[in-house]
Number of protein chains: 2
Amino acid sequence: MRAGVSTVGQDELGLETRLMLRAAQLYYRLHLTQDQVGERLGVSRFKVGRLLDRALRESAVRIEIVHPDIRLVELEDGLCSRFRLRSAVVVDVPPTASPADQEVLARERVAGAAAAQLTAMRPTGAIGVSWGRTMLEVAAHLRPGWTAALEIVQLNGAMSRSARPTRAQEVVERFGLTSGASIQLMPAPAIVGTPELREALERDASVGETLAAARSAQTAVFSMGVVGTESVHLASGFIGEADLAALAEAGAVGDVLGRFLSLDGRIALPSLDRRTIGLPLEELAAKALNVGVAAGPGRGPIALAALRAGCINVMVTDEETATWVIDHA
Amino acid sequence: MRAGVSTVGQDELGLETRLMLRAAQLYYRLHLTQDQVGERLGVSRFKVGRLLDRALRESAVRIEIVHPDIRLVELEDGLCSRFRLRSAVVVDVPPTASPADQEVLARERVAGAAAAQLTAMRPTGAIGVSWGRTMLEVAAHLRPGWTAALEIVQLNGAMSRSARPTRAQEVVERFGLTSGASIQLMPAPAIVGTPELREALERDASVGETLAAARSAQTAVFSMGVVGTESVHLASGFIGEADLAALAEAGAVGDVLGRFLSLDGRIALPSLDRRTIGLPLEELAAKALNVGVAAGPGRGPIALAALRAGCINVMVTDEETATWVIDHA
DNA sequence: CAAGCTGCTGCTCATATGATCAAGACTATG
DNA sequence: CATAGTCTTGATCATATGAGCAGCAGCTTG
């Protein structure tokens, strides 16, 4: 090797750096092999490798992902690592004219992604599901044969006496019809008037057996609701204005399976929770696969609360919600 | 492969693109192997390779060299490809307070680079050299043992009668002393009064033998001079004000070996050229290795002219000159 | 000047990557 | 409903790259 001559060191100009840039140019821009670069530069391919290594370490060469959607992947990674999730899906929701449209579109997009994610995951055995507008949309996106699961079981009470029914049954039915699984409903309201009644109902075979099935299911799919005048629980008549005021007072930010949480991930109003029929959150959190779906403006707080409660290990949501969660975690 | 299920096509979101970004993220940011990426994403490593390929082709991933000196390498490449050079060296010259300082610093930097380049190239046999301020500086930067060449020969006339001598002998001597090569001077002025005298001198053994040696040398090292009041030929008394005016009239932009060129690379003033003693440019251009050195503000035009004349195959210059040449080529 | 030390070089070998190919899946069309 | 064509997929093999190591040069220090 004649490299020895360079040891005379006539190098005020950073000859080594020059060599590095030249190597980077030939390798990254012209796509030569390290061998070819070495030949052109008169150095061994090992040296070329080391030069490129240095270029990368010293950030003389920057590799960046410039696709506009990369931020979604970054949000997904952020959610996964911060909350130890198995996976996360964050979808882009194009802006719409009105906030109402935005909410509808977000729900539609997120639900589609949730359905795709569920399909890809191929859950088996029994699958517990909640209800609500988002879950209804998820159900609508499921395609026949999406899972080989044997049973679909409702995770919480849903039977409504109101003029605007919950359509909870449709959710379960659609999950079942598209998969050939049997279905099991929870024939009870989401929330009743007293803890004693809740206990009595849960002890009764009608509700109790479904609850037992919900308990033993290895998979759960559920959405998150907001607290406030647009709450589905209010519309369905499960809670009244007084409850709403108490929830607001207690700092509730939304609900999971009808159980309202405050931002720290704890039950906001234990007295109300004791009147709520369905799987308790600790038991939900214990499942192997927990797909939580949050779609639409204002879902950030309840999403964060649910994540903190540890009852989600697969998150599906929109960019706005994910951003809020990451920013406030 | 369960990939079949994805063919149901619940993909308004560009699922494939999402996968691509995820792969790019894991591969380029987290530095996993394609195998590992494939495992995490549930696809084969071949698919990962194809995804990354696509990401690169579609510019979803951009690899850029961000080091501040990369522009110098780009200029070098530009010079090499535009003028079919063997190599080019473009050096950075930090700004100074005054233009005069700038010229001195540029000469110093470029000369250092030229000396380093020469050293790295290890020319053998005979080496022809020109003279001038830049060449003197190059000579000063040579370190003992820089070449195993046998002879250093002066390429053009240099003997001056003026108060300010050319110091051309110092250039040759320094080249010789640092290498152990013998030296051969050209004992004649650069330019004489008549073509006849030039011919007579070149026929004489004193000049003729040196000229023959200059002709047979396989390597040449020379600098480029500007035309104008600061011309070294004027200062040395080789040309007078009248010649200068004629050169300006003829569109001369500078000289190589005392031969003045116009921007198109041709002899600007043939009548003057016939009075110039030394190697003709066609013979210079025929050599295997021609190191041309241009340093300092205002050298762009003569550098371009010399390149167009085809008498350079290794260019050493500063950023300003290189930029000018590229922009005007 | 000797001796130890540091840092750099190129080597060997394991691994990662890319090119090419054959088979299968889906589409479009008769 | 068949069938040809196109696209995608994973396998094989050659090549490119990276990890770890031993040798050597130059520097420092006694």
Side-chain angles (χ1 to χ4, degrees), chain A residues 1-12 14-61 63 65 116 119-120 122 143-146, chain B residues 1-12 14-61 63 65 116 119-120 122 143-146:
Chain A
M1 259 302 83
R2 65 184 187 240
V5 298
S6 73
T7 57
V8 295
Q10 299 179 340
D11 177 19
E12 316 102 24
L15 210 70
E16 190 78 3
T17 299
R18 181 68 61 98
L19 204 60
M20 177 182 83
L21 294 175
R22 198 155 259 306
Q25 172 93 333
L26 296 173
Y27 187 76
Y28 287 115
R29 286 223 167 104
L30 274 64
H31 304 292
L32 303 188
T33 68
Q34 293 186 4
D35 247 330
Q36 295 170 307
V37 173
E39 197 162 343
R40 277 218 209 173
L41 266 47
V43 300
S44 71
R45 73 178 185 82
F46 308 101
K47 172 118 189 172
V48 173
R50 283 169 184 134
L51 286 169
L52 294 174
D53 208 38
R54 187 160 77 90
L56 231 39
R57 266 186 294 104
E58 294 179 0
S59 308
V61 168
I63 300 181
I65 305 170
T119 303
R122 300 246 104 191
R143 297 282 168 273
W146 67 276
Chain B
M1 258 298 90
R2 64 182 186 241
V5 297
S6 72
T7 58
V8 295
Q10 300 180 339
D11 178 17
E12 315 104 23
L15 211 69
E16 190 79 4
T17 298
R18 181 67 62 97
L19 205 59
M20 177 182 83
L21 293 175
R22 200 156 258 307
Q25 172 94 333
L26 295 173
Y27 187 75
Y28 288 115
R29 284 234 242 268
L30 274 64
H31 304 290
L32 303 188
T33 69
Q34 294 186 5
D35 246 332
Q36 295 171 308
V37 173
E39 197 161 344
R40 277 219 210 174
L41 265 48
V43 301
S44 71
R45 73 177 185 83
F46 308 100
K47 172 120 190 167
V48 173
R50 282 171 183 131
L51 287 169
L52 294 174
D53 209 37
R54 187 162 77 90
L56 230 39
R57 266 185 296 105
E58 294 178 1
S59 309
V61 168
I63 300 181
I65 306 171
T119 302
R122 300 245 103 192
R143 294 285 168 274
W146 67 277

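Protein chains get the first letters and strands the later ones, always in sequence-line order, with residue 1 at the start of each. Values below: all heavy atoms of this structure, side chains included; hydrogens, waters and symmetry mates excluded.
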Quick one: salt bridge (Lys or Arg N to Asp or Glu O under 4.0 Å) partners of B:R22, sequence neighbours excluded? A:E76, A:D77
When the distance from [atom1] of [X] to [atom2] of [N] is rounded to whole Å, what number comes out?
X	N	atom1	atom2	result
A:L51	D:dT17	CG	P	14 Å
B:L19	D:dT8	CG	C1'	14 Å
B:D35	D:dA11	CG	P	11 Å
A:E16	C:dG7	CD	P	15 Å
B:K47	C:dA25	NZ	P	15 Å

Roughly how far, to the nearest 0.5 Å, is the CG atom of A:L52 from the CZ atom of A:R57? 11.0 Å
Please round to the nearest 0.5 Å and tell me the distance separating atom CG of B:L26 and atom NE2 of B:H31. 11.5 Å
For DNA chain C, what residues of residues 22-34 of chain A have any heavy atom nearer than 4.0 Å?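 Nothing qualifies; none.
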Short question: side chain of A:R143, backbone of A:A116 - any donor-acceptor pair under 3.5 Å?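 Such a contact is absent between A:R143 side chain and A:A116 backbone.
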Give a yes or no on whether the backbone of B:A55 and the side-chain of B:E58 come within a donor-acceptor separation of less than 3.5 Å.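 No.
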Is any side-chain nitrogen or oxygen of A:S44 closer than 4.0 Å to OP1 or OP2 of C:dT9?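 No, outside the criterion.
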Can you check whether B:T17 reaches B:R54 side chain to side chain, under 4.5 Å on heavy atoms?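 Yes, their side chains come closer than 4.5 Å.
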For residues A:V61 and A:Y28, determine if any side-chain heavy atom of one lies less than 4.5 Å from a side-chain heavy atom of the other. yes
After noting the C-alpha distance and the side-chain angles of A:E16 and A:R50, does the key distance pass the salt bridge (charged side-chain N to carboxylate O under 4.0 Å, His left out) rule? CA-CA 11 Å; A:E16 190 78 3; A:R50 283 169 184 134; over 6 Å; no
Protein-nucleic acid N or O pairs under 3.5 Å, nucleotides 19-22 of chain D:
none

